[in-house]
Amino acid sequence: MLGTKPSKLHKILKGLAIAVFWIAMWQFAALIVNQPLFVPSPLETVASLGGLIVTSKFWLSVLMTFYRVVFGLVVSLVLGLVFAYISSHFKTVESVLAPFISAIKSTPIMSIIILALVWFQASFVPVFSCILLCFPIFYTNTLSGIKSVDKKYTELAKVYHVKRARILREITLPSVLPHIYAALSICLGFSWKAVVAAEVLSSPKYSMGFNLLTAKQHLETSALFAWTIAIIIISLAVEKGLMRLLPKKGNTL
Amino acid sequence: MSIRIESLQKHFHKQMVFDDYSVTIPERKTTLITGPSGCGKTTLLRIIARLDKRYHGIVSNVPHKISYLFQEDRLLPWFTLQQNVEFVLKDIFAPQEVSRIALQMIKAVKLDGHEDKFPAKLSGGMKRRTALARTFAYPCDLLILDEPFKGLDAALKDDMIALFDKLFVQANKTVIIVSHDEAVLERIDCNVITI
């Protein structure tokens, strides 16, 4: 009906219809190519995924990749917050960091991974790549959040001699949180891409990236598709789950 | 002791706002500052409250504990009405006392029943009364009010002026008030300074 909000059922049905459309397109492409080595059908991929998820190796690989993503994200978040806070207080630190941040942002992820391969052992390369990719995003967003704190509120706190810790907790943090959430949302996607790409090149024993590489080397395209789909599903589930867990502040700024 | 401002010089960009301006604001009295728009009333308040230190001259005997009602409400949008009032009290009183004082003042400005509402859900008049409650709740030695009753309807304005009169004017507190409101001049016993 015109002017009414679509119901939840309507939304689900619409989502399902879109999914069916793209699966049909995939099936159509598989039929046209007619070479499972290049494009396996959705059914073959699901069968391959079904075969994978019953193995302990699959879950161990998922767990290890997940651990690397979380570790990389947490370290880059902490570093981003700390350095943004320091930079907001010391202009010199911001100026010194600026070229480093710009350089990292412009560096291709593959360059970072290959350099990390030279410097570190294989298992640390994905974590390092994730940190280097996500740190500038957390840093830049947090710093711009701190800079955007309304001076009117800090002035109010100053008149009433509000303690520095409370200003940080009750004025700065609520103003910066939306910026940190935005960075987190971007980094959740980036971190999976960086970690899996680094795993492909560094090949740690238990990793989703290493399994992708193995599937490619054995020309098991359906397994390659299955691992890719598993990565997409887990990455999306983590992103949606985490964003749902974060407090929704209808009353903020 | 009276607040003394001597030989004040203040300019914005190249425009001189105060040029060798001196004034004494008496202790334990209400002083109303009037003057045309843009003459520097708010600037003078900000200098007295130590929020603007870019001036030449001497400003002395300003008490340490100041409660300042800004021209804008300056309510923190992520805090409820009650939390906004409590914000200025937390470093002075114990938590139970903070709540008690805040609730008492919220009731005094006739906002009881709205304690848990966020500023986004309050009308302009309710926001102003929340800001008034926050300002009045703080135990200060100098009260600064910049257009305190703007945006309030006639009946509420009368009530708020009466509350201000009872809490501060009759209690002989040092108050500086900037207002264009005739009702303030009519109802409050004050010393008038025209800039």
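Below, read A as the first sequence line, B as the second, and so on, with proteins coming before strands; counting in each chain starts at 1.
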Got a salt bridge between A:Glu155 and A:Lys151, using NZ or NE/NH1/NH2 to carboxylate O under 4.0 Å?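 Answer for the salt bridge query: no.
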
Under 4.5 Å from any heavy atom of chain A - which part of B:Arg50: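 Only the backbone of B:Arg50 comes within 4.5 Å of chain A.
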
Check the orientation of A:Phe100 and A:Phe135. Use parallel for under 30°, tilted for 30 to 60°, and perpendicular for over 60°.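 Judged by the thresholds at 30° and 60°, the geometry between A:Phe100 and A:Phe135 is tilted.
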
Less than 4.0 angstrom from a charged side-chain N to a carboxylate O is my criterion; do B:Asp165 and B:Arg187 meet it?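 Salt bridge: no.
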
Side chain A:Thr65, main chain A:Val62, donor-acceptor under 3.5 Å: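 Absent.
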
Do you know which two heavy atoms are closest between B:Leu185 and B:Cys190, and how far apart they sit?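 Minimum heavy-atom contact is CD1-SG, 4.4 Å.
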
Using only non-hydrogen atoms and a strict under-4.5 angstrom cutoff, which residues of residues 121-146 of chain B touch chain A?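 Within residues 121-146 of chain B, the residues under 4.5 Å from chain A are B:Arg134, B:Thr135, B:Tyr138.
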
Does a salt bridge link A:Glu94 with A:Lys91, judged by any charged N lying under 4.0 Å from a carboxylate O?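 Salt bridge between A:Glu94 and A:Lys91, a charged N being under 4.0 Å from a carboxylate O: yes.
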
Checking A:Lys158 against chain B: side chain, backbone, both or neither under 4.5 Å from a heavy atom?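 For A:Lys158, side-chain heavy atoms alone lie under 4.5 Å from chain B.
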
B:Lys157/B:Asp181 ion pair, N-O < 4.0 Å: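 Yes, this pair counts.
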
When the ring planes of A:Phe66 and A:Trp192 are compared, do they come out parallel, tilted or perpendicular, using 30° and 60° as the limits?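 Tilted.
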
Can you tell me how the ring of A:Phe124 sits relative to the ring of A:Phe120, calling it parallel under 30°, perpendicular over 60° and tilted otherwise?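 Geometry flag for A:Phe120 against A:Phe124: perpendicular rings.
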
Classify the side-chain pair A:Lys105/A:Thr140 by whether it contains a donor and acceptor separated by less than 3.5 Å.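 The answer is yes; a qualifying pair exists.
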
Measure B:Leu75 against the heavy atoms of chain A and call it side chain, backbone, both or neither at under 4.5 Å.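 It is the backbone, since no side chain atom gets that close.
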
When you measure from the centre of the six-membered ring of B:Phe12, is the NZ or CZ of B:Lys10 closer than 6.0 Å and no more than 45° off the axis?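 Because its charged atom sits under 6.0 Å from the ring centre and within 45° of the axis, B:Lys10 does stack over B:Phe12.
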
Examine whether an atom of B:Glu72 lies under 4.5 Å from a heavy atom of chain A, and if so say whether it belongs to the side chain, the backbone or both; otherwise answer neither.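 Looking at B:Glu72, just its side chain touches chain A.
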
Name, in order of residue number, those residues of residues 60-71 of chain B that have a heavy atom at a distance of less than 4.5 Å from a heavy atom in chain A; otherwise write 'none'.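 B:His64, B:Ile66, B:Ser67, B:Tyr68, B:Phe70 fall under the 4.5 Å cut-off.
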
